[in-house]
J.: 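Supplied in structure tokens, the structure appears directly below.
Position 1 is the first residue of the sequence; numbering continues from there.
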Amino acid sequence: MVSLIVILIFLFILAIFYPFALIVLSFGAFFVKIIGRKAVDEEVEKVRIKQIDLATDRIKEHLFTVSVVLIFFIIAPFVVLYFWL
């Protein structure tokens with residue numbers, strides 16, 4: 001029974017945490033792009049924006065894996081213990 005509760009809590013927390021983390025990452029990239037658009041040369045501006053997009057995509061790839069491991073092995077068991085006690 002506890003393992004089923006852990007999985008349900010894991011899915012619930014993941015459904016809340018992962019989109020929130022993506023929103024924060026997207027807003028951060030947006031603000032960095034605004035700062036990057038202040039370049040004098042248009043070609044330099046395009047290169048900066050492309051680098052920001054590539055870095056954001058790399059972080060998004062790792063964010064899901066890290067959030068799944070963090071939530072499933074660390075956060076969800078403590079939440080179940082909190083509810084259990």
Side-chain angles (χ1 to χ4, degrees):
M1 185 71 179
V2 173
S3 62
L4 179 64
I5 294 172
V6 169
I7 292 171
L8 292 175
I9 289 176
F10 160 73
L11 292 173
F12 179 73
I13 294 173
L14 185 66
I16 293 172
F17 176 77
Y18 185 65
F20 180 74
L22 287 179
I23 289 170
V24 169
L25 181 64
S26 297
F27 276 130
F30 174 73
F31 289 125
V32 170
K33 283 183 189 178
I34 289 175
I35 294 170
R37 290 184 197 270
K38 296 181 181 177
V40 177
D41 188 16
E42 187 175 319
E43 194 64 34
V44 173
E45 179 180 323
K46 288 181 183 179
V47 170
R48 282 184 186 174
I49 291 174
K50 191 170 187 175
Q51 287 175 346
I52 292 167
D53 286 336
L54 290 174
T56 304
D57 289 341
R58 252 185 283 129
I59 293 171
K60 283 181 183 178
E61 289 174 5
H62 295 294
L63 180 66
F64 183 74
T65 306
V66 169
S67 64
V68 165
V69 170
L70 179 73
I71 292 170
F72 190 72
F73 290 111
I74 297 175
I75 297 172
F78 283 115
V79 171
V80 169
L81 284 175
Y82 177 75
F83 286 138
W84 198 266
L85 298 176

J.: Do Phe10 and Val79 come within less than 4.5 Å of each other through their side chains, counting heavy atoms only?
T.: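 Answer no - side chains too far apart.
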J.: Would a hydrophobic clustering, with Ile, Leu, Val, Met, Phe, Trp and Tyr connected at side-chain separations under 4.5 Å, put Val24 with Val68?
T.: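 In one cluster: no.
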J.: Rounded to the nearest 0.5 Å, how far apart are CZ of Phe27 and CG of Leu22?
T.: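 Reported value, rounded in 0.5 Å steps: 12.0 Å.
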J.: Answer yes if Val66 and Phe64 sit in the same cluster of Ile, Leu, Val, Met, Phe, Trp and Tyr residues linked by side chain heavy atoms under 4.5 Å apart, and no otherwise.
T.: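 No, because Val66 and Phe64 fall into different hydrophobic clusters, even though each may have its own neighbours under 4.5 Å.
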J.: Do Phe30 and Phe20 belong together in a cluster built from hydrophobic side chains that touch within less than 4.5 Å?
T.: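 Result: no, two separate clusters.
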J.: Using 0.5 Å steps for rounding, measure from the CG atom of Asp57 to the CG atom of Leu25.
T.: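 That separation rounds to 9.0 Å.
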J.: When rounded to the nearest 0.5 angstrom, what is the spacing between CZ in Arg48 and CD1 in Ile52?
T.: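 If we round to the nearest 0.5 Å, Arg48:CZ and Ile52:CD1 are 8.0 Å apart.
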J.: Take Phe12 and Leu8 through the test side chain to side chain contact (heavy atoms under 4.5 Å, CB included) and record every step on the way to the result.
T.: CA-CA 6 Å; Phe12 179 73; Leu8 292 175; over 6 Å; no
J.: Quick check for you: to the nearest 0.5 Å, what is the distance between Ile75 atom CD1 and Leu70 atom CG?
T.: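 Nearest 0.5 Å value for the CD1-CG distance: 4.0 Å.
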J.: Output the distance between atom CD1 (Ile59) and atom CG (Leu54), rounded to the nearest 0.5 Å.
T.: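 One gets 11.0 Å once the value is rounded to the nearest 0.5 Å.
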J.: Quick check on the hydrophobic clustering: are Ile23 and Leu63 connected, directly or via other members, by side-chain heavy-atom contacts under 4.5 Å?
T.: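 No; tracing contacts between hydrophobic side chains, which count when under 4.5 Å, never links both residues.
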J.: For residues Ser67 and Leu14, report the shortest heavy-atom separation together with the two atoms involved.
T.: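 Where Ser67 meets Leu14 most closely, the heavy atoms are OG-CD1, 4.0 Å.
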J.: Could you measure the distance from the CD1 atom of Ile5 to the CZ atom of Phe83? Nearest 0.5 Å is fine.
T.: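 One gets 10.0 Å once the value is rounded to the nearest 0.5 Å.
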J.: Report yes or no: do Val80 and Leu4 belong to one cluster of Ile/Leu/Val/Met/Phe/Trp/Tyr joined by side chain heavy-atom distances under 4.5 Å?
T.: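 Cluster IDs for Val80 and Leu4 differ.
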J.: Can you confirm whether Ile71 sits close enough to Tyr18 that some side-chain heavy atom of one is under 4.5 Å from a side-chain heavy atom of the other?
T.: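 When only atoms from C-beta onward are counted, Tyr18 and Ile71 do not touch, as no gap falls below 4.5 Å.
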J.: Using every non-hydrogen atom in the two residues, find where Val6 and Phe72 come nearest and quote the distance to one decimal.
T.: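 Closest approach of Val6 to Phe72, heavy atoms only: CG1-CE1, 4.4 Å.
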